[in-house]
Amino acid sequence: MRLNSYDDFTPLKEVVLGSADGYRDRVRDMSFDMFISDNISGARGYYPSLSTWRDGEERRARNSPRRLEMKERFLGELIEDVEGIAARLTALGVTVHRPRLPGSDLTRIATPAFEAAVTPPLNLRDNTLILGDEIIETPPMLRDRYFETQFLKPVFLDYFRAGARWTTMPRPMMTDHSFDPDNIPNAAPNIEVPLQPRDSPYDVGPEPMIDGANCLRLGRDLIVNISNANHALACDWLERHLDGRFRVHRMAKLTQSHIDSVVVPLRPGTLLLRDPGVVDYLPEALRGWDTVVPPPPGIDDYPQYENGDPIPASPYIDLNVLSVDEDTVMVNDACKTLIATLEKHGFTVVPVRHRHRRLFGGGFHCFTLDTVRTGGAEDYLA
């Protein structure tokens with residue numbers, strides 16, 4: 001089918017689902033520090049590394065044989081859960097595409113400005129924005145995901161051959177000084193003090209950087225969460241590029257980055273919200289929509305891990321649901337209160353297992369890129 005995706009709730013026909021195969025490491029650098037500051041809970045966990053990027057007693061303890069064995073088990077369970085998502089979507093009549101997997105010998109990437117480990121194409125929502133009949137590859141926020149969309153090339157080429165537009169936003173140099181320094185004083189409390197920026201011969205100052213998950217798609221309208229100069233520059237680009245086709249609305253600092261676990265449009269006129277106060281950040285036209293606000297998650301709603309490496313995902317990650325249509329929502333089967341809340345509001349819930357969502361980061365919306373839905377360029381804000 002031809003690429004057609006203007007929203008997150010009309011009937012889903014085709015989707016690209018990420019892959020966790022080859023997930024190995026989370027390496028702390030400036031880009032990770034700036035991004036992880038969104039975790040306002042201060043919760044900590046651990047994720048043993050297979051690298052020795054910074055040796056020390058604490059790191060060696062994290063890499064004990066017992067912890068590495070547990071880490072391999074967690075990864076195996078993540079892969080199992082992602083494949084379960086694929087099976088459930090297929091059973092619902094959705095065509096599921098998958099990215100090409102990184103080769104087993106591909107462990108690091110390099111540009112003139114930095115080197116980084118390779119992260120597999122799992123959270124596809126972040127580095128691509130689908131707007132109608134156009135694929136837009138966004139300028140990444142994390143160095144280890146710089147070339148992630150390369151693994152989607154076979155899928156993107158098929159849609160391009162069928163008539164889709166295909167655009168790549170300017171690629172950032174991503175030196176330490178590419179990141180807005182106001183991220184640090186203006187950010188929510190961080191898990192760790194960010195590393196000090198280092199000078200580079202490739203410094204150009206703050207650059208356009210943004211994830212697709214900063215954006216809310218509503219027909220002909222695109223709502224963009226802006227929390228720093230990097231996002232603002234990227235939004236400048238989007239406004240100029242989309243002029244005459246989409247209306248771009250700026251939303252100021254709803255979160256430090258992604259918003260798809262904070263405000264989720266379930267159907268025209270209904271929003272799933274993390275908290276009632278979210279309404280105050282929304283464009284005026286959305287403030288009159290009905291809202292669904294589930295009880296806040298408890299600590300017992302998630303698997304517990306030993307202290308160590310940071311848990312990247314918000315404790316509200318399970319609001320990162322995927323709508324199959326305007327009445328049907330895919331939800332983590334562990335979230336009994338969220339399921340009950342949605343059913344109370346008349347939605348049909350499709351429960352699917354996803355155990356380690358906070359440890360690895362990402363929910364059903366993060367893992368997917370919906371490429372074909374039946375909706376068009378409707379004016380939902382009229």
Side-chain angles (χ1 to χ4, degrees), residues 1-19 81-99 121-136 152 155-156 158-159 162-164 212-213 215-223 246 258-261 263-272 292 317-333 335 338-339 342-343 345-354 357 362-378 380:
M1 298 177 72
R2 294 173 68 93
L3 189 79
N4 185 85
S5 187
Y6 287 86
D7 58 68
D8 289 306
F9 45 75
T10 55
L12 179 63
K13 298 300 181 183
E14 295 190 15
V15 71
V16 192
L17 173 66
S19 172
D81 290 351
V82 172
E83 297 312 306
I85 297 168
R88 184 58 63 93
L89 285 168
T90 300
L92 291 168
V94 178
T95 299
V96 179
H97 304 283
R98 305 302 294 273
L122 175 60
N123 292 292
L124 303 185
R125 187 74 57 169
D126 299 347
N127 289 336
T128 304
L129 185 61
I130 305 295
L131 291 175
D133 66 348
E134 183 173 15
I135 301 163
I136 299 178
L152 293 168
V155 177
F156 289 172
D158 285 344
Y159 283 117
C215 304
L216 187 66
R217 302 176 307 143
L218 288 169
R220 62 174 298 192
D221 292 280
L222 182 70
I223 299 166
F246 291 86
H258 297 175
I259 59 174
D260 53 351
S261 295
V263 52
V264 181
L266 296 174
R267 58 187 172 211
T270 303
L271 297 170
L272 176 65
V292 177
I317 187 62
D318 287 323
L319 270 64
N320 193 266
V321 299
L322 178 67
S323 289
V324 180
D325 56 42
E326 296 177 14
D327 300 308
T328 308
V329 187
M330 181 177 288
V331 180
N332 194 316
D333 65 0
C335 303
L338 176 58
I339 290 172
L342 289 170
E343 290 178 340
H345 285 81
F347 290 92
T348 299
V349 172
V350 179
V352 181
R353 185 174 64 179
H354 180 21
R357 60 272 198 199
F364 300 142
H365 193 259
C366 296
F367 289 174
T368 54
L369 189 65
D370 35 334
T371 51
V372 180
R373 287 186 181 268
T374 61
E378 307 294 339
Y380 293 110

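All values reported here derive from a predicted model rather than from experimental measurement. Each residue takes its place number in the sequence, starting with 1.
- For the pair D370 and R125, the salt-bridge criterion is met [side-chain N within less than 4.0 Å of a carboxylate O].
- Between D260 and C366, some side-chain heavy-atom pair lies under the 4.5 Å cut-off.
- The one candidate from N127, L131, T128 that meets the side chain to side chain contact (heavy atoms under 4.5 Å, CB included) condition with I136 is L131.
- In this structure, D318 pairs ionically with R357, as a charged nitrogen and a carboxylate oxygen lie closer than 4.0 Å.
- For the atom pair NE2 of H97 and CG of D158, the computed distance is 7.5 Å after rounding to the nearest 0.5 Å.
- Of the possible donor and acceptor atoms, one in the side chain of D7 sits under 3.5 Å from a partner among the backbone N and O of T10.
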Next item on the list: Apply side chain to side chain contact (heavy atoms under 4.5 Å, CB included) to the pair F246 and E134, showing each step before the final yes or no.
Entry: CA-CA 12 Å; F246 291 86; E134 183 173 15; 5.8 Å; no
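- For N4 (side chain) and G375 (main-chain N/O), a donor-acceptor pair under 3.5 Å exists by modelled atom type.
- Residue P351 comes nearest to V349 through the heavy atom pair CD-O, 3.3 Å, listed as atom of the first residue, atom of the second, then distance.
- Looking at every heavy atom in both residues, L92 comes nearest to M330 through CD1-CE, 4.3 Å.
- Classification of the F364-H354 ring pair by plane angle, with boundaries at 30° and 60°, yields tilted.
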Next item on the list: Could you go through the side chain to side chain contact (heavy atoms under 4.5 Å, CB included) check for V263 and I223 one step at a time?
Entry: CA-CA 11 Å; V263 52; I223 299 166; over 6 Å; no
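- Within the 4.5 Å cutoff, the side chain of V264 has no heavy atoms near those of the H365 side chain.
- Under the salt bridge (charged side-chain N to carboxylate O under 4.0 Å, His left out) criterion, R88 pairs with no residue at all, not counting sequence neighbours.
- Of the possible polar contacts, one joining the R98 side chain to the G18 backbone as a donor-acceptor pair under 3.5 Å is found.
- For D327, the salt bridge (charged side-chain N to carboxylate O under 4.0 Å, His left out) test picks out R267, with sequence neighbours left out.
- A salt bridge between R353 and D333 is absent, with no side-chain N of the basic residue lying under 4.0 Å from a carboxylate O of the acidic one.
- Between P265 and F9, the closest heavy-atom pair is O-CD2, 3.7 Å.
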